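Reminder, nothing fancy here: chain letters follow the sequence lines and each chain counts from 1. Note that the structure is a prediction, hence the values are computed from the model and not measured.
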Amino acid sequence: MANELMFEKPLLELQKKIQELRTFSQQSGLDFSEEIDKLEKKAELLASNIYEDLTPWQRTQLARHSERPTTLDYIAGICTHFVELHGDRNFGDDLAIVGGIGKIDGIPVTVIGHQKGHDTKENIARRFGMPQPEGYRKALRLMKQAEKFKRPVICFIDTPGAYPGIASEERGIGEAIARNLIEMAGLRTPIICVVTGEGGSGGALALGVGDRVYMLENSIYGVISPEGAAALLWKDSSLGQRAAETMKITAGHIHSFGVVDGVIPEPQGGAHKDTAETIAAVKETIVAALRELIEIPSDLLVEQRYNKYKQMGHYAEL
Amino acid sequence: MLKDIFHKKKRYAELTSKDVAERLGRRPKQEMITTEKAVQVPEGLMTKCKGCGESTFTKELEKNSKICPKCSYHYPITAAERIALTLDEGLFFEYDAGMTTVDPLGFPDYTSKIDREQKKSGLQEAVLTGEGTIGGYPVVLGVMDSSYFMGSMGSVVGEKITRAIEHAMAKKYPFVLFTASGGARMQEGIFSLMQMAKTSAALSKFSEAGGLYIAVNTYPTTGGVTASFAMLGDINIAEPGALIGFAGRRIIEQTIRQKLPDDFQTAEFLLKNGMLDLIVHRKEMKDTLANLLELHGGGVGGE
């Protein structure tokens, strides 16, 4: 397996051994079922030991896993009638963000999300899911379109952050993110957001202001990447592991802070181990939220969204 | 006219700019320059300009609103100095002066760092908010101060700015905000990030109600502050030469392995690229703001 993670190595080796024993048993006609049973029990125990209590850094690795489902995978699994729409009408079409219209459970919705690639070639075309301003402006155009036609908006968040480059700054990446924040805050249609992988800083938040925000169990969400935090705090980006702990970026932490509304469970070993199961869990969460939110009048919806963000933060008053 | 009701009406106790400085517990002004990497002749008698390298008497520099008399380089100034330069008679009625920082993540050394930053700057936090008048027009004013913790935005900054916007909305005053910030405060993690959403949500409501918001970007305005309220003014102003950008210069250089243009992320670069309405010299700032307020009928929006 090309994409195995260091911490799962012992388990993967054991599973390989069981497979070899099975093959040998079939070829030789000898009965190893007792041994195989024993090894399988051992593998099960090992799996629960490894996966039950993942560290923040291990979850970070899962959140970035190249086989992890992407926005287009979720769209394919959740939506019917989907049509992808392109371009910001001002500058170009940024492939780091995808969006379009489809139906979820029979309800027409606008779906927008960061898009990473599954291989290097696609990742280069999609800038590893790091948008430039035109990506955020495309997203905003589709949100305003959704508002006009009274469609709820679903956002999938999975980005290391906005793309740091000359072009980004020239075309106003700060303004593009800021504009999405202010427009999403006042959008008169329901917004449901799901952090599916990496929730990297302002580049993630620019698709993340919603009535309901969820995180997948092994996704992360932070003000800066663990490596970036390590570089700034300890002048050493290789201390990302330590920063992942310190910055409290896991779904469990973020949910306990009240910043997201729920955590969507993943299959043992991460979302990519059973993509269909992951997508089904995400769909279930979205449909439940959708059914609830479409009943709320838009004035009240915007007011409730404001109150939700208003109470975020901790301070003391003398 | 509604505006005439507010005109010239003395609403607050008389305070000179010196009083404001003292009230805020500021130290003598020349010490501030040491935080600015300016090379100094002993005793702080002379200040060598970061812009042109020429030396100027520190006293002369201060009299000149901390603008280099030779090349017009704008030195960062403190929030108290900014208030004195901006509001009529320097009169400022402060909001939420007692709001202080807590440590929501249990972040190593954050509490002691806060103590040090407070002692160093004489400030409680990185923004002062309150109200006063500019050219007779009442405004809600926010001023960030980069001498405190790089002006970084944590929960207190976000909450104070949000409340200031709510006050402006309730009183139908315009909101003027001078930004100066290194970006989000990492020590408050996700809560810092959420201040971007919170302040933007408040601006959304304010804008919907017809309120006038003028953002004035000063050196430095970067990161999460640029990606939220700094860029959301109905009118975006900057001081000459101010550093304004989202991603840090070093990160961009590492990513693209390319040398960046000399004027990269300066106010002039942003103006050229269409991100600012105008660049205003510090000495003309107050008059420019007063004129813009006049043009908006005192900024009483909507009704």
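Contact of the A/Tyr315 side chain with the B/Asp96 side chain is not registered, since no non-hydrogen atoms from C-beta on lie closer than 4.5 Å. No side-chain heavy atom of B/Thr100 sits less than 4.5 Å from a side-chain heavy atom of A/Glu317. For the pair A/Ile166/B/Pro261, a side-chain contact is recorded, criterion being any heavy-atom separation below 4.5 Å from C-beta on.
Between the CG atom in B/Leu270 and the CD atom in A/Glu175 there is a gap of 10.5 Å [rounded to 0.5 Å]. Note that CG of A/Leu205 and OG of B/Ser200 are 8.0 Å apart. Values are rounded to the nearest 0.5 Å. Within the model, atoms CZ of A/Arg127 and OG1 of B/Thr255 stand 12.0 Å from one another, a figure rounded to the nearest 0.5 Å. Remark: A/Leu181 CG to B/Thr199 OG1 distance equals 7.5 Å, nearest 0.5 Å. Rounded to the nearest 0.5 Å, atoms CE (B/Met275) and CD1 (A/Ile173) are 10.0 Å apart.
Between chain A and the residues B/Lys205, B/Met196, B/Gln195, the most heavy-atom pairs under 4.5 angstrom are made by B/Lys205. Each of A/Leu232, A/Ile182, A/Ile177 has some count of heavy-atom pairs under 4.5 Å with chain B, and the biggest count is that of A/Ile182. The candidate from A/Ser168, A/Ala185, A/Gly228, A/Gly161 with the greatest count of non-hydrogen atom pairs under 4.5 Å with chain B is A/Ala185. For the set B/Gln265, B/Gln124, B/Glu188, B/Glu125, the count of heavy-atom pairs under 4.5 angstrom toward chain A peaks at B/Gln265. Between chain A and the residues B/Thr226, B/Asp103, B/Ile190, the most heavy-atom pairs under 4.5 angstrom are made by B/Ile190. Options A/Gly165, A/Ala206, A/Gly186 differ in how many heavy-atom pairs under 4.5 Å they form with chain B, and the most are formed by A/Gly165. Between chain B and the options A/Gly222, A/Gly208, A/Pro164, heavy-atom pairs under 4.5 Å are most frequent for A/Pro164.
Contact of B/Ala202 with chain A is made through backbone and side chain together, with heavy-atom distances under 4.5 Å. For B/Gln187, the part sitting under 4.5 Å from any heavy atom of chain A is the side chain, from C-beta outward, and nothing else. Neither the backbone nor the side chain of B/Lys272 comes within less than 4.5 Å of any heavy atom of chain A. Only the side chain of B/Glu166 comes within less than 4.5 Å of a heavy atom in chain A; its backbone stays farther off. Contacts of B/Gln254 with chain A are absent, with no heavy-atom separation under 4.5 Å from either backbone or side chain. For a residue to count as touching a neighbouring chain, one of its non-hydrogen atoms must lie under 4.5 Å from one of that chain's; by this rule B/Phe191 touches chain A with the side chain only. Looking at B/Glu208, neither its backbone nor its side chain comes within 4.5 Å of chain A, counting heavy atoms on both sides.
Across all non-hydrogen atoms, the minimal contact from A/Ala162 to B/Phe246 is CB-CE2, 3.9 Å. A/Ala229 approaches B/Met186 most closely through the heavy-atom pair CA-SD, 4.0 Å. Nearest heavy atoms, A/Val223 versus B/Gly189: CB-O, 3.4 Å. Heavy atoms only, all atoms of each residue included: B/Met194 and A/Tyr221 are closest at CE-OH, 3.7 Å.
Applying the ring pair (Phe, Tyr, Trp, His ring centres under 6.0 Å) definition to pairs two or more places apart or across chains, those involving residues 150-196 of chain A are A/Tyr74-A/Phe156.
The stretch residues 240-247 of chain A places A/Thr246, A/Met247 near chain B, each with some heavy atom under 4.5 Å from a heavy atom of that chain. Scanning residues 187-203 of chain A against chain B with a 4.5 Å heavy-atom cutoff picks out A/Ser201, A/Gly202, ordered by number. For residues 301-314 of chain A, a heavy-atom distance under 4.5 Å to chain B picks out A/Glu303, A/Tyr306, A/Tyr309, A/Lys310, A/Met312, A/Gly313, A/His314, given by residue number.
Side chain of A/Glu170 to backbone of B/Asn273: no donor-acceptor contact under 3.5 angstrom is found.
Within 6.0 Å of CG on B/Asp263 lie more than 12 heavy atoms contributed by other residues, nucleotides or ligands.
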